[in-house]
*Asks:* 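One structure follows; several queries about it will come next.
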Amino acid sequence: MKLTGREKSSLILEGIATVILLLLLNMAIIVIIQDAIQSNPGVTNGIFMIKQSLKVGPLQAQIWSYQRILIIFLVIIDIWVVWWRLRRRYHLYQMDHIIAELHYIAQGHLDHRIPFRLKGNQQHVITSVNALVDSAVRSMDDERKIEKSKDELITNVSHDLRTPLTSIIGYLGLIEDKQYRSEEDILKYTHTAYEKAKQMKTLVDDLFEYTKVQQHGAPVNIMKIDLNQLIEQLTASFELEAQHRGIEITSSVIPNPLMIEADPEKLGRVFNNLVSNAFKYGNGASYIRIDARQKKDMVVVKVANDGTPIPKKSLDHLFERFYRAETSRSRATGGTGLGLAIVKSIVDLHHGSVNVTSNEDETVFIVKLPLKQENNQK
């Protein structure tokens, strides 16, 4: 830290004043001691005898003047006092600079940090202040992101609910106003309204699930489960739909059984969403393959299909809520844009990771989960 010119001048003047005061004090002390010794013959004779008997160094030199010893002693004390006062004043100037920096930051300049480095405890103060400001800025940024996220959530939900709701109101309005020509028209209108209502229910259910797993400290019912059984049950539940679409759905788990600590309901939702996603968007797929392997203390589960590849520009955004790789096709299939966001949230709750690769040959969602959960939430 550099001192200002005014502070340097003040420090020099204080040093000079301290030296002058100490010199005057030393002279007064020497005069008082000399006067006390000269007025007492016994003390004078005692000092003379001590000087005669005291020899210093290899040459056995005698000390002829006690005044020199006294002066050297006083000079050492003077140097220490001057150093202590100047050091104390310098530390006060340092503290003034720290306080000035704090006032500047407190005025709203949160992008500013205390730039200089000091020694000792004052550096700890500077480090703590800078860390505190960084933490406050991060908290403010997080709060802004949360507010923005809430606004986006409300906007997206409102938009996605308004579209089917408008259709429901429109078709029911036609029936209400008797603008139909036959019973067949009524059935057509009610069927359309029914399908749109189911679409709304799917969105509300997914939204509820997403907000539930996003809550801080969301409950996770961890227990030991056989991943092979869970995947077999999942595969069996999709066999009918696979046959209807002409898709072969298979699963493979090694070793068998493969025991893992997880929430069976939530983990089932993960793989259910991934398989459903493959059915909805894997156009032209001939197979959906679920493959689970244990690798040391981790389990790697791959859900693959050979359908239409995902555009490269969409790969980094797939797990964002309400993101749809192809908006028109997603709306046609009833996609809410929350399925993969729910997958990521549940995998995060299990301290795992999920990513995706896609090319002309195959699209693969890769889920990595630890065999054991260190922080079990019962």
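The model shown is predicted, which means the values in this text are computed figures rather than measured ones.
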*Asks:* Looking only at heavy atoms, what is the nearest atom pair of Phe319 and Leu340, with distance?
*Replies:* CD2-O, 3.4 Å
*Asks:* Using a strict cut-off of less than 4.0 Å between a Lys/Arg side-chain nitrogen and an Asp/Glu carboxylate oxygen, indicate whether Arg289 and Glu362 qualify as a salt bridge.
*Replies:* yes
*Asks:* For the residue pair Leu369 and Gly352, what are the closest heavy atoms and their distance?
*Replies:* CD2-CA, 4.3 Å
*Asks:* Which is it for Ile290 and Lys302 under the side chain to side chain contact (heavy atoms under 4.5 Å, CB included) test, yes or no, and what are the steps along the way?
*Replies:* CA-CA 6 Å; Ile290 307 172; Lys302 297 181 180 179; over 6 Å; no
*Asks:* Salt bridge or not for Glu261 and Lys372, using N-O below 4.0 Å?
*Replies:* no
*Asks:* Other residues, nucleotides and ligands only: do more than 12 of their heavy atoms fall within 6.0 Å of CE on Met259?
*Replies:* yes
*Asks:* Can you check whether Ile231's main-chain N or O pairs, donor with acceptor, with Ser251's side chain at less than 3.5 Å?
*Replies:* no
*Asks:* Are any of the side-chain nitrogens in Asp205 or Lys201 under 4.0 Å away from the carboxylate oxygens of its partner?
*Replies:* yes
*Asks:* Please indicate whether Arg144 has more than 12 foreign heavy atoms, meaning atoms of other residues, nucleotides or ligands, lying under 6.0 Å from its CZ.
*Replies:* yes
*Asks:* Would you mind checking if Arg245 and Glu241 are paired as a salt bridge, meaning a charged N to carboxylate O distance below 4.0 Å?
*Replies:* yes
*Asks:* Restricting to side chain to side chain donor-acceptor pair (under 3.5 Å), what partner residues turn up for Asn277, sequence neighbours left out?
*Replies:* none
*Asks:* Would you check if the side chain of Asp263 reaches a backbone N or O of Asn221 as a donor-acceptor pair within less than 3.5 Å?
*Replies:* yes
*Asks:* I need the minimum non-hydrogen distance between Val275 and Leu234, along with the two atoms involved.
*Replies:* CG2-CD2, 4.0 Å
*Asks:* Taking all non-hydrogen atoms of both residues into account, name the closest pair between Pro309 and Asn359 and its distance.
*Replies:* CB-O, 3.2 Å
*Asks:* Looking only at non-hydrogen atoms, find the nearest pair between Gly307 and Asn305 and report the distance.
*Replies:* N-OD1, 2.9 Å
*Asks:* When you look at CG of Leu240, are more than 12 heavy atoms from neighbouring residues, nucleotides or ligands closer to it than 6.0 Å?
*Replies:* no
*Asks:* Take the angle between the ring planes of Trp80 and Trp84 and call it parallel below 30°, perpendicular above 60°, tilted in between.
*Replies:* parallel
*Asks:* Looking at Lys344 and Asp348, is any side-chain nitrogen of the basic one under 4.0 Å from a carboxylate oxygen of the acidic one?
*Replies:* yes
*Asks:* Before we go on, tell me: are the rings of Tyr189 and Tyr180 under 6.0 Å apart, centre to centre?
*Replies:* no
*Asks:* Measure across Ser358 and Leu315 and return the closest heavy-atom pair with its distance rounded to 0.1 Å.
*Replies:* CB-CD2, 4.0 Å
*Asks:* So with a 6.0 Å cut-off around NE2 of His109, is the heavy-atom count from everything else above 12?
*Replies:* yes
